[in-house]
Amino acid sequence: MQPFAQRLLDWFDRNGRHDLPWQHPRTPYRVWVSEIMLQQTRVETVIPYFERFTASFPDVQSLAAAPVDDVLALWAGLGYYARARNLHRCARTIVEDHNGHFPRERVALEALPGIGRSTAAAIVAQAHDAPEAILDGNAKRVLARHAAVDGWPGSTASQKTLWREAEARTPASRCADYTQAIMDLGALVCTRSRPDCAACPVAVDCGARLQERTAELPHPRPKRERPTRTRWAALLHAPEGIYLEQRPPSGIWGGLYTLPEAEDPEHLEAWVHTHWPRAEALAGDALNHGFSHYQLDLRVQRYRLPAGECGIMDAPGVIWYKPGQSRPAGIPAPIQGLLQSEKDSGHGTNR
DNA sequence: CACTCGTGGGC
DNA sequence: TGCCCAAGAGT
């Protein structure tokens, strides 16, 4: 029987994905950008973002020279915004400390912000054909099945085993193709539900299949009790516009512009008076135009906007939208509803 | 090690 | 419909 890697490579030549945008041309910069975007994010979601991003920032120099707000603007909607902030920081480090060139060593890449072991390995493997093992979500699923690794793949013990399996199977040559191949196999054949074992080039010696456990491997994450969190957003609306604020650089939606978030809706009026005195004055005008003092909307995510598309900024992080012409597409008209709650669902439950 | 960080799709 | 998860990394 052919080695695992050889069977995977033969399958990849016929059935793999060879036309992803970051494969043509496959430069370290484009591989890096794609790998960061692809962290915990599906390929189909990433593609349009990658196209727009690399059109605006075709190289690490243009990215490093840009304001971080412009980077976040291109990232808006993709999620996990720390990736964008780290990407920008990393670009500046590359330009300032590495003469504009990416390190060719995996360990050196791991020292850069936003680049962990798997991403560093993927970059050097894809860009330089270096024999480094990756362990992304696809590889974890493929290896957990083929080596019949019990336990949740995110646990320390399972990861140790999976890294060992990943390293043992990584070939000395054609490593760029191999890393792409194992990801393609996981994405196209060895899928989470209903894997297509009949089409799998390594099914003959797959532990999970031989044990008839493909449906139960990899094991799911252990459940845990999660607190319910409620977010309250204050929509401070006036005839002049909608009041947004720039969020702190860390935490959820860091650096983006959203509606002000209230801790306690019962005392929202006092809260507005304390934190947004100017908005209150304008909201008073709104009363005379038939609006309530302020209106509340929990659909915070729909108001998340990049700075570049915003209206007048008259103070750092404070933006006024004028009704009509200046209200950007994507900002719905004010709604009349008052308070609703939103409970945490799902996010933060993965790693 | 536990937790956080987004959004969208599958079932 | 609620739940799980996806080309992980930082704190």
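We name chains A, B, ... by the order of the sequence lines, and we start the count at 1 in each one.
- Residue pairs that meet the salt bridge (charged side-chain N to carboxylate O under 4.0 Å, His left out) test with at least one member in residues 106-128 of chain A, sequence neighbours left out, are A:Arg106-A:Glu110, A:Arg106-A:Glu132, A:Arg117-A:Glu167.
- As rounded to whole Å, 19 Å separates atom P of B:dC5 from atom CD1 of A:Ile36.
- Residue order along DNA chain C, read from the 5' end via each residue's closest nucleotide, puts A:His219 first among A:His219 and A:Gln39.
- Taking atom P on both nucleotides, C:dC4 is separated from B:dC3 by 15 Å, rounded to a whole Å.
- Contacts of residues 114-139 of chain A with DNA chain C (heavy atom under 4.0 Å): A:Gly114, A:Ile115, A:Gly116, A:Arg117, A:Ser118, A:Thr119, A:Asp136, A:Gly137, A:Asn138.
- Heavy-atom nearest nucleotides on DNA chain B were determined for A:Glu44 and for A:Gly251, and the one closer to the 5' end corresponds to A:Gly251.
- For A:Thr41, the side-chain atoms get nearest to B:dG6 when compared with the rest of C:dC5, B:dC11, B:dG6.
- Base contact: A:Leu20 has a heavy atom under 4.0 Å from a base atom.
- Atoms CD1 and CD1, from A:Ile123 and A:Ile36 in turn, are 6.0 Å apart once rounded to the nearest 0.5 Å.
- Counting non-hydrogen atoms under 4.0 angstrom, A:Arg141 reaches the backbone sugars and phosphates but no base.
- Rounding to whole angstrom units, CD of residue A:Glu110 and P of C:dG10 are separated by 10 Å.
- Annotation: cation-pi pair A:Arg104/A:Phe102 absent, no NZ/CZ under 6.0 Å from the ring centroid and within 45° of its normal.
- Checking C:dG8, B:dG6, C:dC5 against every side-chain atom of A:Trp253, the shortest atom distance belongs to B:dG6.
- What separates CZ of A:Arg83 from P of B:dT7 is a distance of 10 Å, to the nearest Å.
- Residue contacts for A:Trp22: at a heavy-atom cut-off of 4.0 Å it reaches a base atom on one of the strands shown.
- In the set B:dG8, C:dC4, B:dG6, the nucleotide with an atom closest to the side chain of A:Arg42 is B:dG8.
- The CG-P distance, from A:Leu217 to C:dC5, rounds to 13 Å in whole Å.
- For the pair A:Tyr49 OH and B:dG8 C1', the interatomic distance rounds to 10 Å; values are reported in whole Å.
- Residue whose closest nucleotide on DNA chain B sits further toward the 5' end, between A:Ser155 and A:Ser193: A:Ser155.
- Hydrophobic clustering (side-chain heavy atoms under 4.5 Å, transitive across Ile, Leu, Val, Met, Phe, Trp, Tyr) keeps A:Leu185 apart from A:Val43.
- A straight line from CG of A:Asn86 to C1' of C:dT11 spans 12 Å, rounded to a whole angstrom.
- To the nearest 0.5 Å, atoms OG1 (A:Thr161) and CG (A:Asp150) are separated by 10.0 Å.
- Salt bridge annotation for A:Arg7-A:Asp10: absent, with no cationic side-chain nitrogen under 4.0 angstrom from a carboxylate oxygen.
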Please lay out, stage by stage, how A:Gln180 and A:Leu20 fare under the test side chain to side chain contact (heavy atoms under 4.5 Å, CB included). CA-CA 11 Å; A:Gln180 188 62 51; A:Leu20 296 169; 3.9 Å; yes
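- At the phosphate of B:dT7, neither OP1 nor OP2 sits under 4.0 Å from any side-chain N or O atom of A:Thr45.
- Judged by distance alone, the side chains of A:Arg85 and A:Ser250 never bring a donor and an acceptor atom under 3.5 Å apart.
- Across the protein-nucleic acid pair, A:Arg221 atom CZ and B:dT4 atom P stand 10 Å apart, rounded to whole Å.
- One interatomic measurement links the two molecules: CD of A:Gln40 to P of B:dT7, which rounds to 14 Å at whole-angstrom precision.
- Taking side-chain N and O atoms only, A:Lys223 has a distance below 4.0 Å to OP1 or OP2 of C:dC4.
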